[in-house]
Amino acid sequence: MIVEGNHFVSESELVTISDLSTGTSMWNLDKEEVKNRVLEHVEISSVEVKRELPSTIVLTIEEYARIGYLFRDDKYFPILETGQFLDELPRQTFPSDAPLLIGFSQGEELAELSAELQNIPSQLIERISEIFYKPTENDSLSIILYMTDGIEVHTSIRNFSEHMAPYPSIVKELDRNKQGILHMRMSPYFEEFVTEEESESEGEG
């Protein structure tokens, strides 16, 4: 038996839940039954079962994408694109394929952010390193993002996917020599950090 396409779910686990053993005759194989068994796994989005002569069964797996990792109590809990939370990652495992969600607890804010992340293209998800929950007096859903390209983004969970959609095109227009915060809300704008030297020279004038 050959298992293809799996990344997070181990081959041995897939063999077990498919209930296919080395003694299974490929001609007595009920492909739909095998498929349904594998699809019961919370991380599997699709599976194709094929026979390859002379005696091989091939399972081609597609897993749900991970859209984030809730960081809590020094543990990482994966969140699937379905909104489903998984058990914590094994110790010494550091996730790098989706953003870390820091400062959240299970509740409405986290549920809303998970729903918003489901609407963000994977190419943009990959550009987000960390998302910090930083509620303010004006916005109880305020968040700060640290991007893999070094940019700090201030935005809100509410309409997050809509606010972040223009990010790639906005970043292209930025002067990367300038340090500051990119505010991504209704009207995106860049707030440049004022260095101590600049503020002192302004004071002298």
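No hydrogens, no waters, no symmetry mates; every other heavy atom, side chains included, goes into these values.
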- Task: Return yes when atom CG of Asp175 has more than 12 non-hydrogen atoms of other residues, nucleotides or ligands closer than 6.0 Å, and no otherwise.
- Result: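 Correct, the count exceeds 12.
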- Query: What do you reckon, is CZ of Arg158 surrounded by more than 12 foreign heavy atoms closer than 6.0 Å?
  - Reply: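 At most 12 heavy atoms, drawn from other residues, nucleotides or ligands, come within 6.0 Å of this atom.
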Side-chain donor/acceptor of [X] to backbone N/O of [Y], under 3.5 Å:
X	Y	answer
Glu130	Ile102	no
Ser45	Glu62	yes
Arg51	Ile57	no

Do [X] and [Y] have side chains that approach each other closer than 4.5 Å (heavy atoms only, starting at C-beta)?
X	Y	result
Lys75	Arg91	yes
Leu145	Met164	yes
Pro121	Arg127	no
Ile131	Leu100	no
Thr82	Val42	no
Asp97	Phe8	yes
Leu89	Phe94	no
Ile120	Phe160	yes

- Does the side chain to side chain contact (heavy atoms under 4.5 Å, CB included) test come out yes or no for Ser142 and Glu137, once each step is laid out? CA-CA 9 Å; Ser142 182; Glu137 279 185 30; over 6 Å; no
Hey, could you give me the [atom1]/[atom2] distance between [X] and [Y], rounded to the nearest 0.5 Å?
X	Y	atom1	atom2	answer
Ser161	Leu117	OG	CG	8.5 Å
Arg66	Ile125	CZ	CD1	14.0 Å
Arg37	Thr16	CZ	OG1	11.5 Å
Leu39	Ser46	CG	OG	7.5 Å
Leu101	Phe71	CG	CZ	12.0 Å
Thr136	Leu141	OG1	CG	9.5 Å

hydrophobic_cluster_shared for [Y] and [X], side chain cutoff 4.5 Å:
X	Y	value
Phe77	Ile67	yes
Leu59	Val15	yes
Tyr167	Leu113	yes
Leu70	Ile157	yes
Met1	Val9	yes

Closest approach of [X] and [Y], non-hydrogen atoms and distance?
X	Y	value
Asn6	Ile61	N-CB, 4.2 Å
Pro99	Ile128	CB-O, 3.4 Å
Thr148	Glu126	CG2-O, 3.6 Å
Val34	Ser18	CG1-CB, 4.0 Å
Ser114	Phe85	OG-CZ, 4.2 Å
Met184	His163	CE-O, 3.1 Å

- Under the salt bridge (Lys or Arg N to Asp or Glu O under 4.0 Å) test, residues paired with Glu81 that sit two or more places apart: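 Salt bridge (Lys or Arg N to Asp or Glu O under 4.0 Å) check on Glu81 returns nothing, list empty.
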- Message: Quick check: Tyr133 with Phe104 (ring centres under 6.0 Å apart)?
- Response: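 Yes: the rings meet the under 6.0 Å criterion.
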- Message: Looking at Glu88 and Arg72, is there a salt bridge between them, counting it only when a charged N and a carboxylate O are closer than 4.0 Å?
- Response: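 The answer is no: the pair does not qualify as a salt bridge.
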- Would Val38 and Val49 satisfy side chain to side chain contact (heavy atoms under 4.5 Å, CB included), going step by step from the backbone distance to the final call? CA-CA 10 Å; Val38 175; Val49 185; over 6 Å; no
- Message: Could you tell me if His41 and Glu13 have a donor-acceptor pair between their side chains, going purely by distance under 3.5 Å?
- Response: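 Yes, a side-chain donor-acceptor pair sits under 3.5 Å.
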- Query: His183 pairs by side-chain hydrogen bond (donor to acceptor under 3.5 Å, both in side chains) with which of His154, Glu191, Glu152?
  - Reply: Glu191
